[in-house]
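The sequence lines fix the lettering, A, B, ..., with proteins before strands; numbering per chain opens at 1.
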Protein chains: 2
Amino acid sequence: MQHSAPSFREFSDRFRSLETTLSRELFREHRDQMRVKKEETAAENLRRIIDATLRLANRKGFQSMSLRDLSAETGLSAGGLYAYIRSKDDLVRLIQRHGVALTLRSLEDAIAAADGPRDKLRAAIRAHLFLTETMQPWFYFSYMEAKNLPRRETREAIRSEVAVEELFTGIIRAGQARGVFRNGDPQLLAGMIKALLQDWYLKRWKHRQRNVSVECYADAVQNMVEHAVLVPPYDEAPAAAHNATCEEG
Amino acid sequence: MQHSAPSFREFSDRFRSLETTLSRELFREHRDQMRVKKEETAAENLRRIIDATLRLANRKGFQSMSLRDLSAETGLSAGGLYAYIRSKDDLVRLIQRHGVALTLRSLEDAIAAADGPRDKLRAAIRAHLFLTETMQPWFYFSYMEAKNLPRRETREAIRSEVAVEELFTGIIRAGQARGVFRNGDPQLLAGMIKALLQDWYLKRWKHRQRNVSVECYADAVQNMVEHAVLVPPYDEAPAAAHNATCEEG
DNA sequence: GTCTATAGCATGATAGAC
DNA sequence: GTCTATCATGCTATAGAC
């Protein structure tokens, strides 16, 4: 049952097609708010605007990023930007919606494919890491700017965060019920797992610098979590077939 | 040797006196930059300004916080603020310096008091959690605004972060050398521990809402880390004498 | 030592030429 | 469909009355 632990590569391919679909949906939903009607140029410029915004916001903060900065980064004129977005708040809403949709759909797919508590837990861990690896700029933005967003978006961000954590709580509860996992507060455990997973996108510069790959980090997290959660006779991780080159201290 | 695991209460008392000392030092260092010379009013107002800034910045972000907001929150007039700080950047520098000094001194003290890898690791975990519990607004501010700070302060923040992590790396290395800790990349492990510790102040609202105390969380982290790090015959945690009421799922 | 008033400037957003 | 020119707003910071 290695169905539950696909490699990053496999994940990445499935993700790309999902993104194309959702990007098109995004454009269609916002078409009536945009002055630009020709689909191909509009879709491309919208993507450029979003990417540039994430880049700038993650470098110096969304509030400090002026529309003049954005116009420089995208190559569009200051006035031209308003052909695509109504306001700065509108822009942030757009970005947020797109990211949440992508995240949820992608996670749900990946997790449903596994069965049994241990495999489900692994699948969830790996999917989350692969997802945040692929969409790192969005996750970082979403985390760092959440509290400064318009009220509605802040609430949405929290809801999404809680939903993900509950997913883990559920898996742990199921495992405890079957006697596969050791007892202990499932919510607390889920929170700790989430903390480990979030570190991957919050401190990416660090992991990059140390040459730790996602696969490596995934194995490390899985290992720590299983040590903490499985009932004592722990058979040391059979994982990490993909790269034997996880840096050794 | 329970010297290494003081309760939050004990920590808190020692901390308070340290803070008084450093607050006074802070005022003296910046005295010449302030228009206000009378020590007692000046020191008090400076403290009010710092507290208000942390409150506001953590609510809506430092960039979005105007000096009008700050003047409303402190009760001082917009103009009056400039009797204490030269500029907004100056304010942030002040806050940052104060926090770093407090953190380092406090952590060093607490850790030096323990000996042996296992006790040192425990002491480090507890001290870090207690410290962030006490100074939560500062830590949150420092984490969230780090990248928007003036260049020099950003670098300082990263240095401080790395220094703390290396402290953990060192303890783990020592433990592995003595055969008390299992093998595995010490840097990666230290990073994961740090992630668990940071979650305490980054998601405080969540832990509050769930009624998890620092002591509880400290025990949970210690437990997970020891499961992952100690050589197999793991004697289940002798900790948590302080409160038997850690919420059970 | 604190306040009111205001200078000087950067920003978000728009109108109209091309 | 994109650009240049411009406006109103709200900001930081200062000067001077009290």
Side-chain angles (χ1 to χ4, degrees), chain A residues 27-28 30-53 56-57 59-95 145 148-150 153, chain B residues 27-28 30-53 56-57 59-95 145 148-150 153:
Chain A
F27 167 71
R28 299 230 167 89
H30 287 259
R31 152 172 259 157
D32 50 333
Q33 297 176 21
M34 304 191 320
R35 229 171 51 214
V36 184
K37 293 302 172 199
K38 214 175 103 196
E39 177 150 348
E40 58 181 317
T41 51
E44 194 206 310
N45 276 338
L46 199 56
R47 168 136 298 280
R48 271 167 67 186
I49 291 173
I50 292 180
D51 288 349
T53 303
L56 286 170
R59 195 184 308 149
K60 51 188 292 196
F62 184 69
Q63 306 288 345
S64 342
M65 177 201 82
S66 74
L67 290 187
R68 282 168 175 77
D69 294 335
L70 187 56
S71 113
E73 184 88 9
T74 54
L76 295 170
S77 72
L81 287 174
Y82 284 87
Y84 296 92
I85 53 164
R86 238 200 259 287
S87 69
K88 224 179 157 189
D89 271 9
D90 202 56
L91 173 58
V92 99
R93 198 169 310 147
L94 196 74
I95 292 177
E145 305 293 342
N148 312 324
L149 265 35
E153 304 308 312
Chain B
F27 168 71
R28 299 231 166 89
H30 287 258
R31 155 171 257 156
D32 51 333
Q33 297 177 20
M34 304 192 319
R35 230 170 49 212
V36 184
K37 294 302 173 198
K38 215 175 102 195
E39 176 149 351
E40 59 181 318
T41 52
E44 195 206 310
N45 276 339
L46 199 56
R47 169 136 297 281
R48 272 167 67 188
I49 292 173
I50 291 180
D51 288 349
T53 303
L56 286 170
R59 196 183 308 148
K60 52 189 291 198
F62 184 69
Q63 305 288 344
S64 343
M65 176 202 82
S66 75
L67 290 187
R68 282 171 175 78
D69 295 334
L70 188 56
S71 114
E73 184 88 9
T74 55
L76 293 170
S77 73
L81 287 175
Y82 285 87
Y84 297 92
I85 52 164
R86 237 199 259 288
S87 69
K88 225 180 159 190
D89 272 8
D90 201 56
L91 174 58
V92 100
R93 200 168 311 148
L94 196 73
I95 293 177
E145 305 293 343
N148 313 325
L149 265 34
E153 304 308 313

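- Shown here are the salt bridge (charged side-chain N to carboxylate O under 4.0 Å, His left out) partners of A:E44, two or more places apart in sequence or in another chain: A:R48.
- A residue-by-residue look at B:N45 and B:R68 shows that B:N45 has its nearest nucleotide of DNA chain C further toward the 5' end.
- Heavy atoms of A:M34 sit nowhere under 4.0 angstrom from any nucleic acid atom.
- Applying the side-chain contact (heavy atoms from CB on, under 4.5 Å) test to A:Q63 and every residue at least two apart in sequence or in another chain returns A:N148, B:Q63, B:S64.
- In this view, A:D51 and A:R47 satisfy the side-chain hydrogen bond (donor to acceptor under 3.5 Å, both in side chains) rule, not counting sequence neighbours.
- Per the geometry, CD belonging to A:Q63 stands 15 Å off P belonging to D:dG10, to the nearest Å.
- Here D:dT14 presents its P atom at 11 Å from CG of B:L67, a figure rounded to the nearest Å.
- Residues satisfying the salt bridge (charged side-chain N to carboxylate O under 4.0 Å, His left out) test with B:R35, not counting sequence neighbours, are none.
- Residues from residues 69-87 of chain A placing a heavy atom under 4.0 Å of any atom in DNA chain C, listed by number, are A:G79, A:Y82, A:S87.
- With sequence neighbours left out, the side-chain contact (heavy atoms from CB on, under 4.5 Å) criterion links B:D69 to B:L56, B:K60, B:M65, B:S66.
- Annotation: side chain to side chain donor-acceptor pair (under 3.5 Å) contacts involving residues 73-87 of chain B, sequence neighbours excluded, comprise B:N45-B:Y84, B:R55-B:E73.
- With a cutoff of under 4.0 Å to any heavy atom of chain B, the contacted region of DNA chain C is bounded 5' to 3' by C:dG1 to C:dT4.
- Residues forming a salt bridge (charged side-chain N to carboxylate O under 4.0 Å, His left out) with A:R59 (at least two apart in sequence, or on another chain): none.
- Using a 4.5 Å cut-off on side-chain heavy atoms (C-beta onward), A:D89 and A:P150 make contact.
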